Amino acid sequence: MEKRTDKNSYTIFFAIGMVIVVGSLLAFIASSLKPTIDENKRLEKQQNILYAMGVNENDESSATFVSTEKAPELFKQYVTKQLVIQGEKISEDDQAYLIDVKKQQSNAKAGIERKLPLFIGQKDGKTFYIAPIRGKGLWDAVWAFVSMDENMVVQGAYFDHQGETAGLGANIKERFFMDDFIGENLLNTSGNFVGINISKSNADPLNKDKNDNEVDAIAGATITGDGVAAMIKSELRLYMPYFKTLKQ
Amino acid sequence: MGLLSKKDGKLILDPLTDDNPITIQVLGICSALAITAQLKASIVMAVSVIFVLGIGNVVISLMRNIIPSKIRIIVQLTVVAALVIIVDQVLKAFSYQLSKELGAFIGLIITNCIIMGRFEAFALGNGPWKSFLDGIGNALGYGIILIIVGFFRELLGSGTLLGFKVLGDPIAKTGLYSTGYENNGFMLLAPMALIVVGIIIWVQRSRNKALIEDH
């Protein structure tokens, strides 16, 4: 005799029931944890911005943020101004760091003028201009917070990624890669924006030449590196008009 | 073990030694290589797998008489996937930094062969209590190896344990470093995990000849 559980109708009803039960359970858990997770993400953004301007707890080789407890206070202390650049219009908004870069990029594609957040930090008498940027790596999104001085020379960078290969592309968030950007010029010698290339042939692995617009690539992470370079080129270029106004 | 009968005790203890999922069944190697560069990540992965496998085995065992055999693998996958999403969400909410470090590996618990293997081989044919013990036992056996590998890789690779500089400071040349000792960066790469697992398998089989297969 055929077992009850072998019937097709039983199988279908079982599958439907299972989907409903599991689906509602997960939806309930996800929605009840969402506020906590969002708060974590908000603090992480503050940590990232502080990291890019050199407010971090790095030791000799690891990249360490300031603690989440201290982040809001330090953020208030060091980040003195948050700007939103929308075309010609520049406004101040102390929630600008919550602007979703991904959403603004799709807005721009849909023809809506994009909001560009820019954070201005003060530390030890120096001014840092920090821009959040986002692009594509090999598997998924890569993003960064790049701090620059008024001449668009990089002062610090924090890179992160969604799912680059561990040990290869994922190394963009390692210090040996991020620190290479410090001191690199985003402009060429005649003052035009060229970005920073991730180069496999720059013959400068110790990165002594800071005006070559190149840093050394990571072996085995060509596509991630190209993605990072493309992101820097296309996204930071958008801030050029603002930096020009600083010179006037 | 006063609490458990001898047979039940075996369900927990066997996977720790003579039926270890990693060193004997050779399941779950992928994650054992991938996330053991630090002791902390090893411990978290072990705890997550104990949670997922313990509960997953009970759920599958409770459902074993009503699961349609035609779609049983899909049902098993759904149960693991749901549990893993719960672990992922809870980590994101309460240990955000760690969940970022573990990243894709939490999601990969779903494909951890130990979990599907125990569901299929044990939970579908045994009661919930036994399945629970089997799940905990196998996850512990997996976790122990993870922790041993993580211990050696972090100690020899970074000179730290759980982030504490137990061997002294490599830059200031204090402690062991003052004698000229250097960290072995190779220990941080996946191939060394394979070698450490290999050494564990070697030690285990040389102590218990019954484990050596005849060929």
Side-chain angles (χ1 to χ4, degrees), chain A residues 2-44 47-48 59-65 67-68 139-140 160-168 170-171 173-174 176, chain B residues 30-31 33-35 37-38 41 59 63-72 74-105 107-108 157-160 163 165 169-172 183 185 188-191 193:
Chain A
E2 200 183 20
K3 273 202 303 188
R4 182 178 58 101
T5 53
D6 282 343
K7 278 197 188 139
N8 282 343
S9 55
Y10 178 83
T11 306
I12 290 170
F13 279 114
F14 185 90
I16 293 173
M18 177 118 194
V19 167
I20 293 173
V21 171
V22 173
S24 25
L25 176 72
L26 290 182
F28 170 74
I29 290 178
S31 54
S32 51
L33 290 178
K34 194 167 185 293
T36 328
I37 295 175
D38 285 349
E39 174 69 5
N40 286 339
K41 288 191 174 151
R42 189 179 71 83
L43 290 173
E44 189 197 15
Q47 289 173 317
N48 287 173
D59 56 17
E60 74 281 351
S61 62
S62 73
T64 314
F65 297 138
S67 71
T68 43
W139 304 115
D140 212 323
D160 208 343
H161 62 94
Q162 187 77 51
E164 297 307 294
T165 317
L168 301 173
N171 282 351
K173 60 186 292 190
E174 293 292 326
F176 72 84
Chain B
C30 353
S31 49
L33 304 190
I35 51 127
Q38 286 168 337
V59 173
M63 291 165 62
R64 70 188 186 282
N65 293 324
I66 58 164
I67 295 177
S69 56
K70 286 177 200 160
I71 57 166
R72 66 176 197 287
I74 300 174
V75 172
Q76 289 166 15
L77 262 179
T78 315
V79 170
V80 203
L83 287 171
V84 166
I85 292 171
I86 293 172
V87 171
D88 184 45
Q89 293 282 314
V90 169
L91 275 181
K92 267 197 187 130
F94 300 112
S95 182
Y96 189 69
Q97 212 46 45
L98 196 65
S99 93
K100 285 208 74 168
E101 276 165 42
L102 288 173
F105 298 115
L108 285 177
S158 319
T160 57
K165 295 186 172 119
D169 193 322
I171 296 295
N183 286 329
L188 297 175
L189 303 177

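Just so you know, these numbers come straight off a predicted model, no measurement behind them.
- Heavy atoms from other residues, nucleotides or ligands lying under 6.0 Å from CZ of A/Phe13 number 12 at most.
- Between B/Met63 and A/Met18 the shortest side-chain heavy-atom distance falls below 4.5 Å.
- Expressed to the nearest 0.5 Å, how far CD1 of B/Ile74 lies from OG1 of A/Thr11 amounts to 10.0 Å.
- Only the side chain of A/Asp160 comes within contact range of chain B, judged by heavy atoms closer than 4.5 Å.
- Judged by distance alone, the side chain of A/Tyr10 and the main-chain N or O of B/Ile66 form a donor-acceptor pair under 3.5 Å.
- Interface check for chain B: of the options A/Val22, A/Leu26, A/Thr68, the most heavy-atom pairs under 4.5 Å are formed by A/Leu26.
- Contacts between A/Lys41 and chain B at a heavy-atom distance below 4.5 Å involve backbone atoms as well as side-chain atoms.
- Counting heavy atoms from C-beta on, the side chains of A/Leu25 and B/Ile86 come closer than 4.5 Å.
- Using a 4.5 Å cut-off between heavy atoms, A/Glu39 does not touch chain B at all.
- Contact of the A/Phe14 side chain with the B/Val75 side chain is registered, since non-hydrogen atoms from C-beta on lie closer than 4.5 Å.
- In this structure a side-chain-to-backbone donor-acceptor pair under 3.5 Å is present from A/Asn40 to B/Ala93.
- Using a 4.5 Å cut-off on side-chain heavy atoms (C-beta onward), B/Phe94 and A/Leu33 make contact.
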